[in-house]
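One structure is given here, and the rest of the page talks about it.
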Number of protein chains: 2
Amino acid sequence: MKAVVFDKVLHFRDDYPRPEPKAGETLIRVLHAGICQTDREIIRGYMGFRGVLGHEFVGVAEESGRAGLQGKRVVGEINASCANCRWCRAGMPTHCETRTVLGILGRNGCMAEYCSLPDENLHVVPDDVPSDRAILLEPLAAACRVLAQVPLDGTEKAVVLGDGRLGILCAWVLSTSVDLVTLVGKHHWKLELAQGQVPVRTRHVDTCTIDDADVVVETTGSADGLQAAMGMCRPRGTIVLKTTVAEPHRLQLAPVVINELRIVGSRCGDFADGMRMLSDHPELPLARLITSRYPISKALSAFEAVEKGREIKVVLDLA
Amino acid sequence: MKAVVFDKVLHFRDDYPRPEPKAGETLIRVLHAGICQTDREIIRGYMGFRGVLGHEFVGVAEESGRAGLQGKRVVGEINASCANCRWCRAGMPTHCETRTVLGILGRNGCMAEYCSLPDENLHVVPDDVPSDRAILLEPLAAACRVLAQVPLDGTEKAVVLGDGRLGILCAWVLSTSVDLVTLVGKHHWKLELAQGQVPVRTRHVDTCTIDDADVVVETTGSADGLQAAMGMCRPRGTIVLKTTVAEPHRLQLAPVVINELRIVGSRCGDFADGMRMLSDHPELPLARLITSRYPISKALSAFEAVEKGREIKVVLDLA
């Protein structure tokens, strides 16, 4: 089958073996796959991953033991857990000690004609939700995770730092719960794209003087983002850290103690929360984030386009 | 007056001018002053401080406008706030934008015959509390701050990393609220000293295999402490960060995001909480932490002793 494979270098292959789903897994025919910041980090060595890339998809459940799934359009949670280890038993399956993660850890991903996931990971996409919205469900759920982790009463001054796809989604999602959300970034065109339909204020990072945010969501994808976030936060404020950086980097931590900041690491979100956000907030213009699409055979060009930084979400089409 | 002064180098002087308390401030005749890790950091350049060092003391209120204070034995909160800025008005006077901090920021400290503090910063030491317990009130209050910041139900697995004075105090204070507290350090003699009378388990860092703590309090005073704390924490666990390090240092932050850790910066505590801990828990053997005492004229020898690392709390005696 066609697949985008990383084995120290990035390849497009058309002879990759189809996945053979284990018991309890569904075989998914992929329709669309998204390229994410994490994929770029993996190509730089993050997680030491080798295999088929990709963890954002919309597909069709082709072979499934789960009743009612076969033939349905689906999206999928990316962590496959053992249900048995100490963290699974403690109700944290996304932190399973032997978990595999679609296209990230020990499991081939979805930039291919087919992928497989445990039956229970899959969510049927309602007929009235177009694939161009559903393809954003994984990052949308990750944005919703902020609401699950940080108690908000709506009066907070919230800042999202980073105008990439996750940053814009976090700002949009926060705007459903908080009155004053400011998206801070360094790309005028991305900040512009984030506005309209959604009550989000934007500031260019060079002219931003915010130093009293109650909550700063750090999504820059850059090693320097956390330090910048510290400067924007009020004493005893909260920083939600989304950026995963492969390499160690230099950081001045004294402000965390002096200002008694809280830093909350934040990873994947619950797809059910993302799905609810999709239905409850049709005004969130998700499809606007898709700035380019490529057939999977042109995946390497797609990755090059992403590297040039003129894209928000690039989608690979399988069909 | 006699004073320990830092002006790029550390001096003992006997001709330093007495402080002249402003309106609303009390003049304190110092009886005892403690040497703290923060003093060592200041000598290395932290905060760019110049002046009389010291922020831990027991003294006598010599001249005070506050009713009932004069002649009383007192300890004092170290942050002097403006009561007027946005953070003071928001109920966070210890984060006042124009605050001075005794012996740390814009205010001469207590390693001298006299110091001054706002009247409202002072707490009378009850007659039945000996000075050798009261001198530990500042770090004791800082340890109590952990209980104020992190909600605990008593069933948590708590680890304190660092067997210095603050680490031992944090372990003792946590043991009043949590069943299982483990103090992890690298000095066998300090770990031994922490035991007895207080239900605290100890582990040497070289043989410690803990990776599932609900809460890790990081008090090592070392730039590497936070990374070690990350390894001891369960997914979604909490790290309370006490160490302030002057210099930027290299850190691998990916585990914060991958394991969704919470890092809570923690600074000074409320002296009222410390005082309550003193009275409610007479079993906490605070005076045991005082491993040496020096007359203030021998302060430089005292600092040398601290640098050698064979001390827990060194006290300078003024009288």
Side-chain angles (χ1 to χ4, degrees), chain A residues 38 41 46-47 85-88 90-97 99 101 104-105 142 145 148-150 211-212 214 218 223 225-227 230 233-268, chain B residues 38 41 46-47 85-88 90-97 99 101 104-105 142 145 148-150 211-212 214 218 223 225-227 230 233-268:
Chain A
T38 305
E41 285 285 324
Y46 179 58
M47 303 296 288
C85 74
R86 53 186 177 161
W87 307 138
C88 281
M92 298 185 286
T94 60
H95 293 280
C96 168
E97 290 187 298
R99 72 181 176 274
V101 187
I104 296 177
L105 179 67
R145 178 91 186 115
Q149 288 181 296
V150 182
D211 67 351
D212 62 350
D214 298 295
E218 191 287 318
L226 179 56
Q227 199 81 64
M230 289 182 202
C233 220
R234 69 159 170 85
R236 299 188 187 164
T238 298
I239 296 170
V240 180
L241 184 64
K242 281 286 188 187
T243 294
T244 42
V245 177
E247 291 304 308
H249 62 278
R250 286 173 70 80
L251 199 68
Q252 160 67 274
L253 276 173
V256 178
V257 180
I258 294 175
N259 295 327
E260 297 195 317
L261 303 177
R262 284 170 187 258
I263 300 172
V264 181
S266 181
R267 219 180 68 197
C268 306
Chain B
T38 306
E41 284 285 324
Y46 178 59
M47 301 297 288
C85 74
R86 52 184 177 164
W87 307 139
C88 281
M92 298 185 284
T94 60
H95 293 281
C96 168
E97 291 187 298
R99 73 182 175 273
V101 187
I104 296 176
L105 180 66
R145 178 92 187 114
Q149 288 180 298
V150 182
D211 67 350
D212 62 349
D214 298 294
E218 192 287 318
L226 179 56
Q227 199 79 65
M230 289 181 202
C233 222
R234 69 161 170 82
R236 299 188 187 163
T238 299
I239 296 171
V240 180
L241 184 64
K242 282 285 187 187
T243 295
T244 43
V245 177
E247 292 303 307
H249 63 277
R250 284 173 73 80
L251 200 68
Q252 161 67 276
L253 276 173
V256 178
V257 180
I258 294 175
N259 296 326
E260 296 194 318
L261 303 178
R262 284 172 187 258
I263 300 173
V264 182
S266 181
R267 219 180 68 196
C268 306

Exercise. Who among A/N259, A/L251, A/V240, A/L253 has the most heavy-atom pairs with chain B under 4.5 Å?
Worked result: A/L251

For this session: Look at B/R262, B/Q252, B/E260 and state which one has the largest set of heavy-atom pairs under 4.5 Å with chain A.
Result: B/E260

Problem set entry | Which atoms of A/R86 approach chain B - backbone, side chain, both or neither, heavy atom under 4.5 Å | side chain

Seminar exercise, completed: If you tally heavy-atom pairs under 4.5 Å between each of A/I239, A/V264, A/T94 and chain B, the highest tally belongs to A/V264

For this session: Can you tell which part of A/L226 gets under 4.5 Å to a heavy atom of chain B, answering side chain, backbone, both or neither?
Result: side chain

Problem set entry | Best-contacting candidate, B/R250, B/Q149, B/R234, against chain A by heavy atom pairs under 4.5 angstrom | B/R250

For this session: Indicate the atoms forming the closest heavy-atom contact of A/W87 with B/P235, along with that distance.
Result: CE2-CD, 3.3 Å

For this session: Give the member of A/P255, A/A90, A/S266 that has the highest number of heavy-atom pairs under 4.5 Å with chain B.
Result: A/S266

For this session: Could you tell me which portion of A/T238 (side chain, backbone, both or neither) has an atom closer than 4.5 angstrom to a non-hydrogen atom of chain B?
Result: neither

Problem set entry | Best-contacting candidate, B/R236, B/K242, B/E247, against chain A by heavy atom pairs under 4.5 angstrom | B/R236

Seminar exercise, completed: Cut-off 4.5 Å, heavy atoms of chain B, and the answer for A/M47 is side chain

Exercise. At a heavy-atom separation under 4.5 Å, does A/Q227 approach chain B through its side chain, its backbone, both, or neither?
Worked result: neither

Exercise. Of all heavy-atom pairs between A/V257 and B/T243, which one has the smallest distance, and what is that distance?
Worked result: CG2-O, 3.3 Å

Seminar exercise, completed: Nearest heavy-atom contact between A/C88 and A/C96 is SG-CB, 3.5 Å

Exercise. Is it the backbone or the side chain of A/L241 that comes under 4.5 Å from a heavy atom of chain B, or both, or neither?
Worked result: both

For this session: Would you check if A/H95 and A/R267 make a side-chain contact, meaning some heavy-atom pair closer than 4.5 Å?
Result: yes

